[in-house]
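In what follows, a single structure is set out as structure tokens and then discussed.
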Amino acid sequence: VNAATTYGFMADLVMVEVDALTFVPRVLKYAAVHDVGVAINPQLVRGQIAGGIVHGLGGALYEHLDYDEGGQMLSASFMDYLCPTACEAPHMVIDHHDARSPFTELGTKGCGENSAMSAPAAIASALDDALSRYKVTFNELPVTPTLIWQKLAGAA
Amino acid sequence: MTQSDRPYPQIEGRLEDARLLLGRGRYIDDLPVAPSTLHAAFVRSPHGHAEILSIDKTQALRVAGVSAVYTLQDLASVLDPFPSIVRSAPAYRGIASDKVRYVGEPVAVVLARDRYAAEDGANAVEVSYEALPAVVDVDAAREPDASLLNAELGTNIVWQSRYCYGNPDAAFAAADRVVSIELKFPKYNSTPITG
């Protein structure tokens with residue numbers, strides 16, 4: 001599948017902190033600049049990007065459809081499957097650098113999954129950076145407090 | 001680009017907020033239904049992977065208020081397989097045939113005068129299974145001796161594709177530094193809070 005005519009572009013910058021006692025990670029600030037081409041409804045584009053950031057935040061820090069060896073789902077309710085809420089949503093700075101697409105009738109590009117795709121990598125990389133003095137890297141998601149504790153214990 | 005260059009009217013502001021925030025939203029469940037509308041309840045697989053040996057509807061059909069119990073056998077002629085962009089994917093009609101392949105897979109559907117009778121009917125359907133090893137890990141699923149979800153395919157790999165743009169081999173050969181990384185990405189889904 002090559003959907004090249006509707007590719008959008010984005011750059012994300014993340015500020016995170018990790019609680020030194022509980023290892024709970026938190027995204028304090030999230031900046032995203034997007035090139036979605038011509039925005040037909042800029043407000044909806046902003047909403048889409050904000051939603052994408054929080055959706056990506058879920059994959060980065062909280063959400064995981066977990067199964068046991070027999071295939072029984074272990075995270076079948078919102079008690080076990082953590083979704084980010086307004087409380088976890090970071091302060092967001094959203095800006096645009098919209099270059100008209102030469103390939104589409106209206107000059108539009110895709111923005112459907114926008115920061116939902118980049119947020120997991122950006123947040124994990126920000127955590128790598130925040131904990132760089134311990135030389136740990138996160139190659140698996142979600143980065144839970146347990147995983148951070150395990151990594152730091154292994155690095156000690 | 002200036003506003004006047006745009007070939008469509010600019011839309012700002014959401015028109016639906018007041019309705020939703022004041023609790024005046026209208027949802028599928030709010031729509032009226034005909035008085036004779038039946039309610040459905042599903043009999044679902046408790047196994048991650050199992051062969052269905054038998055499905056006995058007898059007791060379910062005796063539950064007061066139950067009108068019908070359907071399995072794939074009853075519905076196959078009126079159900080088209082789900083469309084799939086993967087051409088080699090086995091045909092699937094949303095309800096189990098000879099096997100179940102995930103916990104919660106529908107095995108039978110019970111129709112009744114209300115939800116209570118439908119649920120009672122679903123509980124009374126007797127399904128006999130022979131459990132098979134479940135396949136829940138991507139790497140394990142690719143092993144040659146892995147339990148096959150679709151024996152007719154001979155593999156658990158339903159689709160794979162490699163993309164190549166430009167000349168990556170030359171680019172890697174000329175690179176000052178090549179980094180290799182193995183990433184584990186969780187399975188996570190959009191999760192509606194109402195259903």
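Heavy-atom basis, side chains included; hydrogens, waters and symmetry copies ignored. Proteins come first, then strands; the chains are lettered A, B, ... in the order of their sequence lines, and each starts at number 1.
- At most 12 heavy atoms of other shown residues, nucleotides or ligands fall within 6.0 angstrom of atom CE in M15(A).
- Of the possible polar contacts, none joining the E69(A) side chain to the P133(B) backbone as a donor-acceptor pair under 3.5 Å is found.
- D145(B) CG: more than 12 foreign heavy atoms inside a 6.0 Å radius.
- Ranked by heavy-atom pairs shorter than 4.5 Å toward chain B, the options A60(A), A124(A), G59(A), G71(A) are led by G59(A).
- Between P120(A) and Y188(B), the shortest heavy-atom distance links the atoms CG-OH, 3.8 Å.
- Under the 4.5 Å side-chain heavy-atom criterion for Ile, Leu, Val, Met, Phe, Trp and Tyr, Y62(A) and L141(A) are members of the same hydrophobic cluster.
- Around atom OH of Y92(B), more than 12 heavy atoms belonging to other residues, nucleotides or ligands sit under 6.0 Å away.
- With a 4.5 Å cut-off on non-hydrogen atoms, Y81(A) touches chain B through its side chain but not through its backbone.
- Proximity to chain B (any heavy atom under 4.5 Å) is shown, for D66(A), by neither the backbone nor the side chain.
- In this structure, F185(B) places its CZ atom where more than 12 heavy-atom neighbours from other residues, nucleotides or ligands lie under 6.0 Å away.
- Crowding of D17(B) atom CG: a count of heavy atoms from other residues, nucleotides or ligands under 6.0 Å exceeding 12.
- The 12-atom threshold is exceeded at CD of E16(B), counting heavy atoms of other residues, nucleotides or ligands nearer than 6.0 Å.
- Proximity to chain A is limited to the side chain of I181(B), based on heavy atoms less than 4.5 angstrom apart.
- A continuous path of ILVMFWY side-chain contacts below 4.5 Å connects L38(B) to L75(B), so both sit in one hydrophobic cluster.
- Counting heavy-atom neighbours within 6.0 Å of E182(B) CD, excluding the residue itself, gives a total of 12 or less.
- Counting heavy atoms of neighbouring residues, nucleotides and ligands inside a 6.0 Å radius, atom CD of E113(A) does not exceed 12 of them.
- Residue contact with chain A, scored on non-hydrogen atoms closer than 4.5 Å, involves the backbone and the side chain of N189(B) alike.
- Counting heavy-atom pairs under 4.5 Å between each of S190(B), P186(B), A131(B) and chain A puts P186(B) at the top.
- Below 4.5 Å, heavy atoms of chain A meet heavy atoms from V103(B), all part of residues 102-115 of chain B.
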